[in-house]
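Down below is the structure, laid out as structure tokens.
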Amino acid sequence: QVRFVESGGGLVQAGGSLRLSCAASGTTFSFYAMGWFRQAPGNQRELVASIDSGGSTNYQDSVKGRFTISRDNAKRTMYLQMVSLKPSDTAVYYCNIVSRATGTPLNTNWGQGTQVTVSS
């Protein structure tokens with residue numbers, strides 16, 4: 001069974017930085033494209049960034065130039081470096097296997113997520 005454990009969230013002021021981590025187990029991590037999703041209160045869960053097995057990346061327009069997604073296949077871990085954070089980035093952040101073609105999460109097992117709160 002695939003499991004994800006997200007960590008690294010917290011409370012920061014606008015303009016601050018955070019680095020999120022996603023540890024995966026129960027799957028051949030290196031085979032799959034992975035993505036970071038976020039869900040703000042009252043909103044749908046949305047894809048923020050994705051990285052394929054070869055390291056090619058895609059970003060939502062609102063985070064381009066501020067967020068950097070990366071992965072360490074040997075550690076079965078994915079990261080999201082976030083700088084110049086804005087209050088609009090406030091959300092619970094999740095990771096999952098993702099379809100690069102559609103941006104759709106492919107595993108029904110979600111982790112607990114990690115809360116990111118950016119104060120103005």
Side-chain angles (χ1 to χ4, degrees):
Q1 185 176 9
V2 179
R3 292 188 63 220
F4 305 107
V5 179
E6 301 91 349
S7 62
L11 172 63
V12 297
Q13 290 187 331
S17 301
L18 285 171
R19 188 193 194 208
L20 307 184
S21 297
C22 165
S25 62
T27 183
T28 309
F29 178 80
S30 61
F31 284 1
Y32 297 104
M34 294 290 298
W36 281 101
F37 297 79
R38 68 185 179 187
Q39 187 169 20
N43 289 356
Q44 299 269 14
R45 193 171 296 177
E46 61 179 1
L47 178 64
V48 173
S50 63
I51 183 168
D52 69 13
S53 57
S56 179
T57 59
N58 273 326
Y59 297 93
Q60 185 189 92
D61 285 347
S62 68
V63 307
K64 283 181 180 177
R66 300 188 298 119
F67 290 10
T68 303
I69 189 171
S70 61
R71 64 192 297 164
D72 184 333
N73 288 335
K75 294 183 178 179
R76 304 163 68 88
T77 301
M78 178 176 66
Y79 305 97
L80 188 67
Q81 178 69 50
M82 306 185 295
V83 302
S84 301
L85 282 161
K86 304 175 180 180
S88 56
D89 295 317
T90 295
V92 180
Y93 284 70
Y94 303 87
C95 59
N96 207 328
I97 297 169
V98 66
S99 165
R100 287 296 300 272
T102 64
T104 305
L106 297 180
N107 189 24
T108 57
N109 290 332
W110 292 90
Q112 83 287 351
T114 186
Q115 175 72 49
V116 172
T117 304
V118 185
S119 64
S120 58

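One hydrophobic cluster, built from ILVMFWY side chains closer than 4.5 Å, cannot hold both V116 and L47; they sit in different ones. Hydrophobic clustering (side-chain heavy atoms under 4.5 Å, transitive across Ile, Leu, Val, Met, Phe, Trp, Tyr) groups L106 together with Y32. Linking Ile, Leu, Val, Met, Phe, Trp and Tyr residues whenever their side-chain heavy atoms come within less than 4.5 Å places I69 and M82 in a single cluster. At a threshold of 4.5 Å between side-chain heavy atoms, the hydrophobic network of Ile, Leu, Val, Met, Phe, Trp and Tyr places M78 and V2 in one connected group.
At distances below 3.5 Å, not a single donor-acceptor pair connects side-chain atoms of N96 with backbone N or O atoms of V98. The closest donor-acceptor contact from the side chain of T28 to the backbone of F31 lies at 3.5 Å or more, if one exists at all.
Residue pairs meeting the ring pair (Phe, Tyr, Trp, His ring centres under 6.0 Å) criterion with at least one partner in residues 42-66, sequence neighbours excluded, do not occur; the list is empty. Applying the side-chain hydrogen bond (donor to acceptor under 3.5 Å, both in side chains) definition to pairs two or more places apart or across chains, none involves residues 1-18. Sorted by first and then second residue, the ring pair (Phe, Tyr, Trp, His ring centres under 6.0 Å) pairs involving residues 76-120 (not counting sequence neighbours) are F37-W110, Y94-W110.
A search for side chain to side chain donor-acceptor pair (under 3.5 Å) contacts involving Q60 returns R38, E46, S62, not counting sequence neighbours. Remark: R100 engages D52 in a salt bridge (Lys or Arg N to Asp or Glu O under 4.0 Å) (not counting sequence neighbours). The side chain to side chain donor-acceptor pair (under 3.5 Å) search around T117 returns Q115, not counting sequence neighbours.
A distance of 8.5 Å separates CD of Q81 from CG of L20, quoted to the nearest 0.5 Å. Note that CZ of R71 is 9.5 Å distant from SG of C22, once rounded to the nearest 0.5 Å. Interatomic distance, OG of S50 versus CG of N58, reported as 4.5 Å (0.5 Å rounding). Here the CE-CD1 distance, from M34 to I97, works out to 6.0 Å after rounding to the nearest 0.5 Å. In this structure, I51 CD1 and C95 SG are separated by 13.0 Å, a value rounded to the nearest 0.5 Å.
Counting heavy atoms from C-beta on, the side chains of N107 and F4 come closer than 4.5 Å. Residues V5 and Q112 have side chains in contact (heavy-atom distance under 4.5 Å, counting atoms from C-beta outward).
When all heavy atoms of A14 and S120 are compared, the pair lying nearest together is CB-CA, 4.4 Å. Nearest heavy atom pair, residue R66 against residue L85, reads NH1-CA, 3.8 Å. Pairing each heavy atom of A91 with each of A40, the nearest pair is CB-N, 3.8 Å.
A salt bridge between D61 and K64 is present, with a side-chain N of the basic residue lying under 4.0 Å from a carboxylate O of the acidic one.
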